[in-house]
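See structure below.
Note on naming: letters A, B, ... go to the chains in the order of the sequence lines (proteins, then strands), and numbering restarts at 1 for each one.
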There are 2 protein chains.
Amino acid sequence: MQFVAKAAGVSPMTVSNSFRHPERVQEETRLRVLQVAADHGYVPNRAAGDLASGQSRVIGAVIPSIKNSSFYRYVRGMQDAVAAHGYELILTLADTTVQEHVAVATFLGLRVAGIILVGNEHEPATIDLLRKTSVPIVETWVIHDPIDMAVGYCVAAATRALVETVLSRGLRRIGFVGYAGEVSRRFTERLPAFRESMETAGLRPDLVHLVDEADGFGAGPSALEALHRLDPAIEVVLCPTDIVAAGVVFECGRRGWAVPERLAVAGWGDYEIASEITPGLTTVQPNAHDMGWQAVTLVLNRAAGEAAAETVVDTGFAVVCRASA
Amino acid sequence: MQFVAKAAGVSPMTVSNSFRHPERVQEETRLRVLQVAADHGYVPNRAAGDLASGQSRVIGAVIPSIKNSSFYRYVRGMQDAVAAHGYELILTLADTTVQEHVAVATFLGLRVAGIILVGNEHEPATIDLLRKTSVPIVETWVIHDPIDMAVGYCVAAATRALVETVLSRGLRRIGFVGYAGEVSRRFTERLPAFRESMETAGLRPDLVHLVDEADGFGAGPSALEALHRLDPAIEVVLCPTDIVAAGVVFECGRRGWAVPERLAVAGWGDYEIASEITPGLTTVQPNAHDMGWQAVTLVLNRAAGEAAAETVVDTGFAVVCRASA
DNA sequence: CGAGAGAATTGTAGCGCTACAAGACAGAAG
DNA sequence: CTTCTGTCTTGTAGCGCTACAATTCTCTCG
């Protein structure tokens, strides 16, 4: 900065103001400074600036996976929101809670303006760190027991809505595919909600099969096989993701079963594949873009000193009805 | 830090050393300092530390999209490499070159240890900035005309290898699906390579159809329709991505065409869907994880002052043969 | 028992920038 | 011609940390 100041014939403060407070500097002076900076490839050192000003315009987000298009929309939502407010977003991939902890420590070390996490399952050490910091924290995709703030939707409510949708189609023999093993809590919330809905409707709540999360499309055929054995006249299968649902649809194709006439199928997540395959998948669409946007908004509101009153935002969901169910 | 030092009864320097140079501090003292820090949720301010030491252990990467699993493996490769060397990786999503420019400016402002980009298509302003900085720059997925360093594979060579693979299956009527409009150069490299290979083999090089990149799976049916009209006896379709190839396979299912007997199909990218659908897709697999790893390695080598001699690394590719072709 | 070597610890200065207060300067009013 | 006002510009101090040199504190050895 010293160098640029000298080259432009002004003081370092004027250089600083040219970048950060354009209105404080005369137009002509500012343009000259910016020109000199551009000529020399000078970019203000944010680390130093943030240190001096005690604030940061960078928000850190930890995302567990970048494999599905819901997360893509979620990230876009965050990116769009930060861009609209002159902030920056930095992302770290973390597939395990241990990686998440490392990422959180890094963000805290960088003194980011806020941290956005996915889910509410963290290492005890992470929770400890998060509770002690004054940095705004937002947990997304869930709305229970936030450490600080949360943005998400109610998985149980979405499950009930999906069951009601298939009931309204006149379907009664409803099979449910869930994930077995150590999976995120937002998956485990679905089964009890399904059972409850079925009992309320006076229908069999036990047409349930659990598959491995790692099986991808492959989980479809095995789930279909298992549920068909439980009830050969099964009418519809509710899947934990659109990937599994697509696997079921492909398997129906192989078996020569018409979808939805012989078997209806519903997915979850409204991934890209849901609208691309034939028949299109009926699925639950979380408002992923909105969720990302709201998460950033919560951080910014907190930074602006606004009331921390409503710390939980429900971005809702929609049951998207396509041809598969 | 002052606070922690006081609480632990040592000087600030000892606190600093406890974190950064454990060997300089007596075990007992170090543990006490770390304990006090943990109790108070203290995390050293990296911005200040980096400023004082004049170095950074953070590498910035700009990625254009997180929609496909190749990029996922690529990011994992980078993440694994930085983790192995005690560095951190921060990601920014940028779908346009303008967004990329903003991201690059942010990284430069953060004084990262290195910047990793995808492709070699950038804004003139970005190139200018990149040439003037002394920060190591790596461009990935391409190996032509790097600004600084590059890691990638030769798309033309992979195209030729794919054509040879289908030729070796005895197929002769080969259709090609490309992307129309403003697409990344790595897509545009494929068509000339295809034409050349076909001419060398003495076969029709004009069974070509261009589709819109945004069409996803939907591009499959329209491409199939168009190529079938060009040559009703077409034997194989080479697609620009596995998504398009999957779209073609699904469409074949609808038409009752057996794959690969009636029509063989090849994709590109070895996305997850390639191995999940039936029949599995024959496709080109870029060594995405390796590419990410090598990109980080190049940055670290440069940081370690090692020779900048070999600045281009070819991570190669593989033609993965599955049932579809 | 004092000198010397080595380990552990501690001041000092400064990284590049910004907040804030103070200064310079032009033009308007008296 | 002085005073005042408002605009533009500039010193000063310090953000939280680390490199480096200096210091203190063992402990060993002649």
* Counting only heavy atoms not in E182(B), do more than 12 sit closer than 6.0 Å to its CD atom? -> no
* So, the side chain of R57(A) versus the backbone of H85(A): is there a donor-acceptor pair under 3.5 Å, distance only? -> yes
* Rounded to the nearest angstrom, tell me the gap between atom CZ in R30(B) and atom P in dA8(C). => 12 Å
* **Enclosure of Q2(A) CD (heavy-atom neighbours >12, cutoff 6.0 Å)** => no
* To do: Could you state the atom-to-atom distance from NE2 of H40(B) to P of dG16(D) in whole Å?
  => 17 Å
* Asked: Side chain of A48(B): nearest nucleotide among dT18(C), dC17(D), dA19(C)?
  -> dC17(D)
* To do: Sequence neighbours left out, what passes side chain to side chain contact (heavy atoms under 4.5 Å, CB included) with A61(B)? Give chain and number order.
  => M78(B), L89(B), L91(B), I116(B)
* In whole Å, what is the span from the CG atom of L51(B) to the C1' atom of dG14(D)? -> 12 Å
* **Dot-bracket summary - DNA chain C, pairs being Watson-Crick or G-U whose distances fall under 3.5 Å, with | when paired to another strand** => ||||||||||||||||||||||||||||||
* Write down the distance between CZ (R111(A)) and P (dT18(C)), rounded to a whole number of angstrom. => 19 Å
* Would you mind reading off the distance between Q2(A) atom CD and dG16(C) atom P, rounded to a whole angstrom? => 9 Å
* Spatial distance of atom CD (Q79(B)) from atom OH (Y72(B)) [nearest 0.5 Å] -> 9.5 Å
* **Between Q294(A) and T315(A): side-chain donor-acceptor atoms closer than 3.5 Å** => no
* Closer than 4.0 Å, any side-chain N/O of H21(B) to the OP1 or OP2 of dT18(D)? -> no
Identify each atom pair where a protein N or O and an N or O of nucleotides 23-25 of chain C are less than 3.5 Å apart, giving names and distance.
none

* To do: Over 60° means perpendicular and under 30° means parallel, so classify the ring planes of W141(A) and Y74(A), tilted if in between.
  => perpendicular
Is there any protein nitrogen or oxygen under 3.5 Å from a nitrogen or oxygen in nucleotides 8-11 of chain D, and what are the pairs?
unit_1, atom_1, unit_2, atom_2, d
dC8(D), O3', Q26(A), OE1, 3.4
dT9(D), OP1, T29(A), OG1, 2.7
dT9(D), OP2, Q26(A), N, 3.1
dT10(D), OP2, S11(A), N, 3.0
dT10(D), OP2, S11(A), OG, 3.1
dT10(D), OP2, T14(A), OG1, 2.8

* Heavy atoms under 4.0 Å, any strand shown: does Y42(B) hit a base, just sugar-phosphate, or nothing? -> sugar-phosphate
* Phosphate-side-chain proximity, R20(B) and dT18(D), N/O vs OP1/OP2 below 4.0 Å -> yes
* Asked: With a 4.0 Å cut-off, would you call R30(A) and E27(A) a salt bridge?
  -> yes
* Salt-bridge present (R32(A), E28(A); N to O < 4.0 Å) -> no
* For the pair made of CG in D50(A) and C1' in dG16(C), what is the distance, rounded to whole Å? -> 12 Å
* To do: Pull out every residue in residues 52-60 of chain B that has a heavy atom closer than 4.0 Å to any atom of DNA chain C, ordered by number, or say none.
  => A52(B)
* **Whole-Å gap separating C1' (dC15(C)) and CE (M1(A))** => 12 Å
Under 3.5 Å, which protein N or O atoms sit close to an N or O of nucleotides 4-7 of chain D? Give each pair with its distance.
none

* Structure fact -> Whole-Å distance, L110(A) CG to dC17(D) P, equals 13 Å
* Roughly how far, to the nearest 0.5 Å, is OG1 of T96(B) from CD of E123(B)? -> 7.5 Å
